[in-house]
Amino acid sequence: MAVLVFVAIAGTIFILPFFLELALGYPTQRVGLLLAVTPVLGGIVAPFSGALSDRFGSRIISLMGLVLMVVGCLLISTFDQSLTELGYIVRVAPFGIGLGMFQSPNNSAILGSVPQERLGIASGLMSLSRTLGQTAGLPLMGALFAALSLSSAGLPQNANITAAPAEALVYEVQGTFRIAAVILCVAAGLTAVVWKLEQRVRETSK
């Protein structure tokens, strides 16, 4: 689940600066501030989601976070050239909040499911899932980003992506984030399945 989530995160980090700078014409400083919205919201929400997972269980909170991230991706897929800064913040907010709601409970579920002497291995696998997701997501989303933009603009596949018109970049963002939403739906489905399995195991053991 974490690998799939970080695939989507890598795409967000990679694609949105192109859109904000090339399609909307924002300066680099403003782009940096806008990109900070997602991690800031995630960082604010994470401690609260951890506390909620201790009370209600990690799976349900993780699932709620993934659903919010799916909603965020679908909202981001509505970006166009008329997007305002407030419109950007409103649309990416569910993604950032969902990320914060997913990470803490998911990490807690991982660490809580292994014996004390295996915590180091579990921690290493958590780092691996993050790195693997990002290193897989960046080229995957980057290739998708370039292919959609250049195809929409009618440019050859070896052309510079910055040569694509703003309309092509808008089309690319919309298509790529719909695919990111599908990836996160798979992660949400896995979370729901694991949650049901854990409930069945608890009922059987009673």
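If you're wondering where the values come from, they're calculated on a predicted model, not measured in any experiment.
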From CG (Leu4) to CD1 (Ile183), nearest 0.5 Å: 7.0 Å
Please check if the distance between the ring centroids of Tyr88 and Phe79 is under 6.0 Å. yes
Would you mind reporting whether Arg59 and Val194 have side-chain heavy atoms less than 4.5 Å apart? yes
Minimal heavy-atom distance between Gly100 and Pro105, with the atoms involved, is O-CD, 4.4 Å
How far does CD1 of Ile89 sit from OG1 of Thr38, to the nearest 0.5 angstrom? 10.0 Å
Any side-chain heavy-atom pair from Ile110 and Val114 closer than 4.5 angstrom? no
Taking every heavy atom of Cys73 against every heavy atom of Leu184, the minimum-distance pair comes out as SG-CD1, 3.6 Å
pair Leu75-Pro94: side-chain heavy atoms closer than 4.5 Å: yes
Less than 4.5 Å apart, side chain to side chain, heavy atoms only: is that true for Ile9 and Phe95? yes
Polar side-chain atom of Ser49 near backbone of Ser104 as donor-acceptor pair, under 3.5 Å: no
When you compare the side chain of Tyr26 with that of Leu34, does any pair of heavy atoms fall below 4.5 Å? yes
Reported CZ-to-CG distance for the pair Arg91 and Leu86, which is rounded to 0.5 angstrom: 9.0 Å
Spacing of Leu63 atom CG and Leu68 atom CG [to the nearest 0.5 Å]: 10.0 Å
Drop me the distance from Leu41's CG to Leu99's CG, to the nearest 0.5 angstrom. 10.0 Å
Any donor-acceptor N/O pair, Thr131 side chain to Ser127 backbone, under 3.5 Å: yes
Measuring from Ser123:OG to Leu128:CG, what's the distance to the nearest 0.5 Å? 11.5 Å
Is there a side-chain contact between Arg30 and Leu20, using heavy atoms and a 4.5 Å cut-off? no
Below 4.5 Å, heavy atoms only, C-beta onward: do Arg118 and Ile121 meet side chain to side chain? yes
State, with a plain yes or no, whether a side-chain heavy atom of Met1 is found less than 4.5 Å away from one of Phe102. yes
Shortest non-hydrogen separation from Met141 to Ala8 and the atoms involved: CE-CA, 4.4 Å
